[in-house]
Amino acid sequence: MTQHTALPIGPAVLKELRDTDDGGATNTPYTDPEGGAPLRCCLRRSRAGERIALVTYAPLRRWAAETWARPGAYDEQGPVFIHAGECEGPAADRAGYPFAGAGALRTVRRYDSEGRIVGGRLLELPESPDDGFDQAFAEAFADSEAALVHVRAVEYGCFHFEVRRQVN
């Protein structure tokens with residue numbers, strides 16, 4: 001059981017991205033011939049034959065719009081895969097963190113409440129990827145300034161998912 005919640009891209013944002021993405025481009029869906037694309041709408045890999053789209057997404061900008069933060073130069077945008085049409089989001093019985101395989105390299109970057117980077121680290125996922133992520137998130141949120149964490153793939157820099165500080 002994971003200690004933190006990996007957040008997908010929310011339904012309202014997905015609806016906007018399916019029309020015009022954060023880079024201003026019109027969505028061009030296609031049928032995935034092989035499957036395996038990391039879908040940020042439901043936090044699973046695509047299946048062969050599914051209709052998907054590769055869109056530009058600005059996760060920090062979207063978070064800042066909700067919180068009134070001002071990330072300035074830290075506002076990044078990049079490619080993410082989503083379903084071309086509405087999707088039900090992550091499965092209720094989904095176990096573990098998404099897109100986590102032993103040996104995969106991830107960056108775990110923390111941001112403060114204004115959207116500025118306050119630290120980060122490279123994480124090579126161990127044999128138990130969930131334990132590796134749990135430890136990295138515990139480290140990140142031990143920093144009282146950290147409001148949220150972004151996980152990205154090292155190879156392409158793609159945004160994978162976000163974890164927010166848990167408020168009790």
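All of these numbers come straight from a predicted model, not from anything done at the bench. Counting begins at 1 with the first residue of the sequence.
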Worksheet item: Do Cys41 and Ile9 have side-chain heavy atoms sitting under 4.5 Å apart?
Response: no

Fill in: Val163 with Leu43, same ILVMFWY side-chain cluster at under 4.5 Å
yes

Fill in: Close side-chain approach of Val55 and Val80, heavy atoms under 4.5 Å
yes

Practice prompt. Name all residues meeting the side chain to side chain donor-acceptor pair (under 3.5 Å) criterion together with Ser46; count only those two or more places apart in sequence or in a different chain, and write none if there are none.
Written response: Asp32

Worksheet item: Do any N or O atoms from the side chain of Arg165 and from the backbone of Ala146 form a donor-acceptor pair under 3.5 angstrom?
Response: yes

Worksheet item: So which pairs with a foot in residues 137-146 pass salt bridge (charged side-chain N to carboxylate O under 4.0 Å, His left out), sequence neighbours left out?
Response: Arg110-Asp143, Arg121-Glu139

Worksheet entry | Set of residues satisfying side chain to side chain donor-acceptor pair (under 3.5 Å) with respect to Thr26, sequence neighbours excluded | none

With a 3.5 Å cut-off and sequence neighbours excluded, list the donor-acceptor pairs that the side chains of residues 148-155 form with protein atoms.
unit_1, atom_1, unit_2, atom_2, d
His150, NE2, Glu162, OE1, 3.2
Arg152, NH1, Gly157, O, 3.2

Worksheet item: What closest approach, in Å, do Leu54 and Pro79 show between heavy atoms, and which atom pair accounts for it?
Response: CD1-CB, 3.8 Å

Discussion item. Which residues pass the ring-ring contact (aromatic ring centres under 6.0 Å, His included) test with Phe141, not counting sequence neighbours?
Written reply: His4

Worksheet entry | Any pair counted as ring-ring contact (aromatic ring centres under 6.0 Å, His included), so long as it reaches residues 8-62, sequence neighbours left out | Tyr57-Phe159

Practice prompt. Kindly state each residue pair satisfying ring-ring contact (aromatic ring centres under 6.0 Å, His included) with at least one member in residues 79-101, sequence neighbours excluded.
Written response: Tyr97-Phe133, Tyr97-Phe137, Phe99-His160

Contacts table for residues 86-93: side-chain donor-acceptor under 3.5 angstrom, sequence neighbours left out:
none

Identify every side-chain donor-acceptor pair in residues 63-72 under 3.5 Å, counting partners at least two apart or on other chains, and give the distances.
unit_1, atom_1, unit_2, atom_2, d
Glu66, OE1, Arg164, NH1, 3.2
Glu66, OE1, Arg164, NH2, 3.3
Thr67, OG1, Trp63, O, 3.1
Thr67, OG1, Ala69, N, 3.4

Worksheet item: Nearest 0.5 Å, what's the CG-CG distance between Asn27 and Asp19?
Response: 8.5 Å

Worksheet item: Mind checking what makes side chain to side chain donor-acceptor pair (under 3.5 Å) contact with Arg94, not counting sequence neighbours?
Response: none

Worksheet, complete the sentence: The salt bridge (Lys or Arg N to Asp or Glu O under 4.0 Å) partners of Asp21 (sequence neighbours excluded) come to none

Item to complete: Considering non-hydrogen atoms only, spot the tightest contact between Leu125 and Ala100 and give its length.
Response: CD1-CA, 3.8 Å

Fill in: Non-hydrogen side-chain atoms of Leu17 and Asp22 separated by less than 4.5 Å
yes

Response to the item:
The reported gap from CZ in Arg106 to SG in Cys158 (rounded to nearest 0.5 angstrom) is 9.5 Å

Worksheet item: What distance separates Asp134 CG from Gln3 CD, expressed to the nearest 0.5 Å?
Response: 4.0 Å

Worksheet item: Where is the tightest heavy-atom contact between Pro98 and Phe161, given as atom of each residue plus distance?
Response: CG-CD2, 3.6 Å

Discussion item. When you compare the side chain of Thr107 with that of Leu123, does any pair of heavy atoms fall below 4.5 Å?
Written reply: no

Worksheet entry | Heavy-atom pair of closest approach, residues Pro29 and Arg51 | CB-NH2, 3.6 Å

Worksheet item: Side-chain contact, heavy-atom cut-off 4.5 Å: Asp131 with Pro129?
Response: no

Worksheet item: Distance from Asp75 atom CG to Arg61 atom CZ, nearest 0.5 Å?
Response: 4.0 Å

Discussion item. Tell me every residue that passes side chain to side chain donor-acceptor pair (under 3.5 Å) with Glu16, counting only those two or more places apart in sequence or in another chain.
Written reply: Arg62

